[in-house]
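Working notes for the structure below.
Owing to the predicted nature of the structure, the values given are computational and were not obtained by experimental measurement.
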Amino acid sequence: MTGEESGEVVEPRAADSPTAAGILLQFAAQAFCRVRDASFIHVNLDSVAHNIQVLKSLSGPNTGIMGVVKGGAYGSGMMKVVEVLVEEGVKELSVAKVGEAVYLRKRGINHPITVLGNLSTFELPDVMQYNLIPSLSWTTPLTSVPRDTLVYPDGSPLRVAINIDTGMSRYGVQPCDLRAMVHTLDDLGVSINSMYTHLQGSITEKKKNQKQIDIFLEATEPYKERPLTRHLAATTGCVQDLGTHLDFIRPGGAITGLSSGADRESAQQFANCGFRPAFSVVVRPTYFKLLPAGRFIGYDATYETRGDEWIANFTTGWSDGLSRRLSNGVGAVKRVKTGELCPIVGRVSMDSITVRLPEAPGEDDVFQVITDDFDDVTSAVGMARNLGAAVYEMPGNWSTRLARVYSRNGKIVHVCNALEYEC
């Protein structure tokens with residue numbers, strides 16, 4: 001909350017870094033011209049590359065990275081993020097759905113791809129055609145088809161990942177049933193590529209996650225000599241240093257600098273690792289005016305000016321992905337050149353927001369609706385905390401209506417124009 005609901009005044013804050021602000025102002029001026037719009041999503045690919053190096057430092061010397069890029073790499077854009085992962089030496093990828101993996105294959109990605117969603121029989125044709133590694137919680141999808149269909153186009157046997165339920169209680173074979181499952185797969189001539197589990201506890205619940213790891217290690221111990229890999233450390237496990245010594249770590253949100261927990265302690269532990277958020281939403285006003293006291297603003301007249309107030313309009317709203325619950329002082333935008341937070345007043349509407357500014361904005365003024373930092377109000381983690389939401393929702397909910405602008409070394413390297421963004 002910015003103080004609007006309680007009547008407190010939002011105090012201006014110094015910019016995080018004059019140099020960083022200057023670079024962003026210059027970059028934004030070029031980007032606005034390229035996208036021909038007053039709002040865009042910025043994805044800093046340098047931050048992605050940096051985060052991969054952080055993840056390498058958190059894992060064992062012989063541990064690989066399986067980059068999770070589901071949901072369009074958590075809203076940042078799957079292909080551009082994957083290109084950076086490949087450049088940084090990431091060996092394997094994973095997604096949630098077969099369709100996401102097919103998307104990558106059709107765009108020339110030949111890395112091993114594990115599909116984390118539980119396999120259904122009707123997905124097998126695509127799994128086989130595109131040489132994917134499906135996850136299994138039971139063998140039913142495989143026993144319901146002819147055995148001779150369980151081969152890839154090159155004649156090699158189907159490879160699968162076994163999901164073991166160690167406490168999440170969603171997908172996953174029970175540890176006591178793992179032996180029978182392995183026996184069935186052996187009879188079918190199916191190769192077991194990996195065994196994995198998913199940790200339930202948050203960053204602040206290390207002991208709870210350790211119990212799951214103990215169950216996983218005990219369950220998979222009989223299969224250590226097989227040519228298969230084991231992995232369980234997603235973003236939370238990487239921060240906690242749990243399971244980071246196994247064959248792979250499996251980070252998702254951390255790749256684009258998103259903490260897996262919104263509470264302050266979790267976010268602080270995550271930030272202390274050195275991760276940098278890559279996703280931000282950059283805007284400039286399309287209209288502003290000085291209103292006298294007693295003017296009501298927006299739908300349902302939920303905000304009334306208290307004195308002469310500068311009110312600016314920005315062209316982004318809930319249709320783009322900005323939560324309506326950020327209305328009336330719950331949310332704010334950051335003024336780049338000064339670092340001060342300017343509260344959203346009135347309702348977040350479908351296409352725009354109204355924001356109270358301390359003064360008339362300059363022609364070169366630029367603002368961020370979501371900031372690429374860990375700010376308590378404007379960052380993805382701060383928004384999630386204030387809304388009682390998941391951090392991953394904050395970038396993941398944004399639609400294709402805003403252009404996505406990708407940068408390296410402060411320069412634009414790619415633009416997905418509005419409604420042209422695919423995944």
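Comment: Arg385 does not engage Asp263 in a salt bridge, judged by the lack of any side-chain N to carboxylate O separation of less than 4.0 angstrom. Under 4.0 Å is where a charged nitrogen must lie from a carboxylate oxygen, and between Asp365 and Arg284 no such pair does. Salt bridge annotation for Arg276-Asp46: absent, with no cationic side-chain nitrogen under 4.0 angstrom from a carboxylate oxygen. Under the 4.0 Å criterion applied to side-chain N and carboxylate O atoms, Glu87 and Arg408 are assigned as salt-bridge partners. A salt bridge does not link Asp241 with Lys206: none of the charged nitrogens is closer than 4.0 Å to a carboxylate oxygen. Of the charged side-chain nitrogens involved, at least one lies within less than 4.0 Å of a carboxylate oxygen, so that Glu83 and Lys80 count as a salt-bridged pair. Checked for salt-bridge contact, Arg347 and Asp300 meet the test: a charged N lies under 4.0 Å from a carboxylate O.
Using a 4.5 Å cut-off on side-chain heavy atoms (C-beta onward), Thr236 and Ser202 make no contact. Asp247 places none of its side-chain heavy atoms less than 4.5 Å from the side chain of His231. The shortest side-chain heavy-atom distance between Thr204 and Gln269 falls under the 4.5 Å cut-off. Put simply, the side chain of Thr378 does not reach to within 4.5 Å of the side chain of Val369, judged on heavy atoms. Using a 4.5 Å cut-off on side-chain heavy atoms (C-beta onward), Val43 and Tyr406 make contact. Taking the side chain as every heavy atom from C-beta outward, Ile255 and Leu55 approach each other to under 4.5 Å.
Atom CD1 of Ile370 is separated from atom CD1 of Ile41 by 8.0 Å, given to the nearest 0.5 angstrom.
For the 3.5 Å distance criterion, the side chains of Thr63 and His245 fail to qualify, holding no donor opposite an acceptor. In summary, the side chains of Glu88 and Gln53 do present a donor paired with an acceptor at a separation below 3.5 Å, with no hydrogens or angles considered. Of the N and O atoms on the side chains of Thr371 and Ser379, not one donor lies less than 3.5 Å from an acceptor on the other residue. Residues Thr235 and Ser260 have side chains that never bring a donor and an acceptor to within less than 3.5 angstrom of each other. Neither side chain, Glu205 nor Asn209, offers a donor N or O lying under 3.5 Å from an acceptor on the other. Inspection of the Asn118 and Ser137 side chains reveals an N or O donor paired with an N or O acceptor under 3.5 Å. When only modelled atom types and interatomic distance are considered, Thr316 and Asp320 share a side-chain donor-acceptor pair under 3.5 Å.
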Derivation and outcome, side chain to side chain contact (heavy atoms under 4.5 Å, CB included), residues Arg324 and Ser327: CA-CA 6 Å; Arg324 192 170 183 262; Ser327 302; 4.2 Å; yes
ring-ring contact (aromatic ring centres under 6.0 Å, His included) evaluation trace for His198 with Tyr171: CA-CA 9 Å; His198 195 69; Tyr171 294 128; over 10 Å; no
Trace of the side chain to side chain contact (heavy atoms under 4.5 Å, CB included) decision for Arg250 with Tyr196: CA-CA 10 Å; Arg250 201 178 63 239; Tyr196 73 93; 3.6 Å; yes
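Geometric assessment of Arg105 against the ring of Tyr103 yields a negative cation-pi assignment under the 6.0 Å and 45° thresholds.
Ring centroids of Phe296 and Tyr303 are separated by 6.0 Å or more, keeping the two rings apart.
Ring orientation note: the planes of Phe275 and Phe270 are close to parallel, at an angle under 30° on the 30°/60° scale.
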